[in-house]
Amino acid sequence: MSVPEEEGARPPLAQRWPRASKFLLSGCAATVAELATFPLDLTKTRLQMQGEAALARLGESVRQPAPYRGMVLTAVGIIQEEGFLKLWQGVTPAIYRHVVYSGGRMVTYEHLREVVFGKSEDKHYPLWKSVIGGMMAGVIGQFLANPTDLVKVQMQMEGKRKLEGKPLRFRGVHHAFAKILAEGGIRGLWAGWVPNIQRAALVNMGGFHLRTVTSRTCTAWGDLTTYDTVKHYLVLNTSLEENIMTHGLSSLCSGLVASILGTPADVIKSRIMNQPRDKQGKGLLYKSSTDCLVQAVQGEGFLSLYKGFLPSWLRMEVGRSQDEMMNVKE
């Protein structure tokens, strides 16, 4: 006896496993974005480490400080001194990081939106819930992804260590995870997690697009604070209408504010993650995020907290543009 087609047909995978599908979709999109923008991230990390005054505590006095060459010259220097493909050194843990972070953030946001907060009586989802949900989802996603971020930062600095005549720390990605785990235990994999989640919260608050996927549409949801404020200002106080130019300008300002808020925490995070450690995995330069902040400002000046700002901002804008390209209706 044949089964009627409408009864025998199975629903699509996205309907049977909606959150798993969202996780996989987000992870694939993040992988493509990571490969395209990773040279900017590597350049940013190298700039953040330049002139690190705390190294003097280990006898590595900045007697010949590396020049602050800027984004372009730093990237060119990496190509000339290490080779073109070294612009992608550390990309494997970066992909791991984005799969965990982007997927975890999206699934967490969906859960918060649907289960914890819920919509109001008129089926509307208020902006304040979007802001809080976005920040919480970013913090949780970043916390889960911290071990991969740690390995990424350390591998990004291996090329510089080789040029300085220092021994390489790792033979590869999995050796890096194993070595950090052996020396510092589980806790060692979460070195630098405090400034890491601080940056995630500030970036989301400052204006990160957090996509929410429903059964019918895939849209960029709730442009957090800056984006929404700038868009409404332009529409109400200028001759611009709500079109692609308005959204583009709002997105640009949103990314700028997010970078201004998040870069100091990013610099501190990178330095804590990259600092040399003893055999027990304890950092030799910084006791805490606050200690790193104080040493950077006292030894290098306040603007040292914004080293790597330009590539960080550009990378955020490129990633945002790729988010918008995926912003399509079914």
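The model shown is predicted, which means the values in this text are computed figures rather than measured ones.
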Visitor: Any idea how Phe170 and His175 line up, ring-wise: parallel (<30°), tilted (30 to 60°), or perpendicular (>60°)?
Guide: perpendicular
Visitor: Taking side-chain contact (heavy atoms from CB on, under 4.5 Å) as the criterion, tell me which of Gln154, Lys162, Arg161, Gln156 meets it with Glu158.
Guide: Arg161
Visitor: Quick check: does any side chain N or O of Asp291 sit under 3.5 Å from a backbone N or O of Lys287, one acting as donor and the other as acceptor?
Guide: yes
Visitor: Evaluate Leu293 against Leu305 for side-chain contact (heavy atoms from CB on, under 4.5 Å), listing each step before the verdict.
Guide: CA-CA 8 Å; Leu293 171 66; Leu305 298 177; 3.5 Å; yes
Visitor: Looking at Arg315 and Glu34, is there a salt bridge between them, counting it only when a charged N and a carboxylate O are closer than 4.0 Å?
Guide: yes
Visitor: Output all residues satisfying salt bridge (charged side-chain N to carboxylate O under 4.0 Å, His left out) with Glu81, sequence neighbours left out; order by chain, then residue number.
Guide: Arg69
Visitor: Taking Gln295 for its side chain and Ala54 for its backbone only, find out whether a donor-acceptor pair lies under 3.5 Å.
Guide: no
Visitor: Of all the heavy-atom pairs spanning Met49 and Asn274, show the shortest one and how long it is.
Guide: CE-CB, 3.5 Å
Visitor: In the single-linkage hydrophobic clustering (I, L, V, M, F, W, Y; side-chain heavy atoms under 4.5 Å), do Val194 and Ile186 co-cluster?
Guide: yes
Visitor: Would you say Leu303 and Leu310 are hydrophobically clustered, going by side-chain heavy atoms of ILVMFWY under 4.5 Å?
Guide: yes
Visitor: May I ask you to test the Pro311-Asp41 pair for a side-chain heavy-atom distance under 4.5 Å?
Guide: no
Visitor: Is there a side-chain contact (heavy atoms from CB on, under 4.5 Å) between Leu40 and Met71? Walk through the geometry before answering.
Guide: CA-CA 8 Å; Leu40 287 171; Met71 181 184 73; 3.9 Å; yes
Visitor: Not counting sequence neighbours, list each pair that qualifies as a salt bridge (charged side-chain N to carboxylate O under 4.0 Å, His left out) and has a residue in residues 244-264.
Guide: none
Visitor: Same cluster or not: Leu73 versus Leu47, using hydrophobic residues (I, L, V, M, F, W, Y) connected whenever any side-chain heavy atoms lie under 4.5 Å apart?
Guide: no
Visitor: Find out whether Asn196 and Met273 are in side-chain contact, i.e. whether some heavy atom of one side chain is under 4.5 Å from a heavy atom of the other.
Guide: yes
Visitor: Restricting to non-hydrogen atoms, name the atom on Glu82 and the atom on Gly159 that form the minimum distance, rounded to 0.1 Å.
Guide: OE1-CA, 3.4 Å
Visitor: What pair of heavy atoms forms the shortest contact from Leu144 to Pro147, and how long is it?
Guide: O-CD, 3.6 Å
Visitor: Rounded to the nearest 0.5 Å, what separates atom CD1 in Ile180 from atom CG in Leu189?
Guide: 6.0 Å
Visitor: Check the orientation of Phe309 and Trp313. Use parallel for under 30°, tilted for 30 to 60°, and perpendicular for over 60°.
Guide: tilted
Visitor: Return yes if some donor-acceptor pair links the side-chain N/O of Trp190 with the main-chain N/O of Asn146 below 3.5 Å, else return no.
Guide: no
Visitor: State whether the side chain of Thr43 and the backbone N or O of Pro39 hold a donor-acceptor pair below 3.5 Å, judged by distance alone.
Guide: yes
Visitor: Measure the shortest side-chain to side-chain distance between Thr290 and Ile268 over non-hydrogen atoms and say whether it is less than 4.5 angstrom.
Guide: no
Visitor: Mark yes or no for whether Lys307, through its side chain, and Gln50, through its backbone, hold a donor-acceptor pair below 3.5 Å.
Guide: yes
Visitor: Does the side chain of Leu55 reach to within under 4.5 Å of the side chain of Glu52, using non-hydrogen atoms?
Guide: yes
Visitor: OG1/Thr92 to CZ/Phe38 distance, rounded to the nearest 0.5 angstrom?
Guide: 8.5 Å
Visitor: Do Lys282 and Glu183 sit within salt-bridge range, that is, some charged N less than 4.0 Å from a carboxylate O?
Guide: no
Visitor: For residues Leu87 and Ala75, report the shortest heavy-atom separation together with the two atoms involved.
Guide: CD2-O, 4.1 Å
Visitor: Are the side chain of Glu300 and the backbone N or O of Ala53 linked by a donor-acceptor pair below 3.5 Å?
Guide: yes
Visitor: Please tabulate, for the side chains in residues 257-267, all donor-acceptor contacts under 3.5 angstrom to protein atoms that are two or more places apart in sequence or on a different chain.
Guide:
from   : atom 1 : to     : atom 2 : distance (Å)
Ser259 : OG     : Gly255 : O      : 3.0
Thr263 : OG1    : Ser259 : O      : 2.6
Asp266 : OD1    : Lys269 : NZ     : 3.0
Asp266 : OD2    : Lys44  : NZ     : 2.9
Asp266 : OD2    : Gln48  : NE2    : 3.1

Visitor: Taking C-beta and beyond as the side chain, do Ile78 and Phe84 meet within less than 4.5 Å on heavy atoms?
Guide: no
Visitor: Do side-chain atoms of Lys179 reach the backbone of Arg169 as a donor and acceptor pair under 3.5 angstrom?
Guide: yes
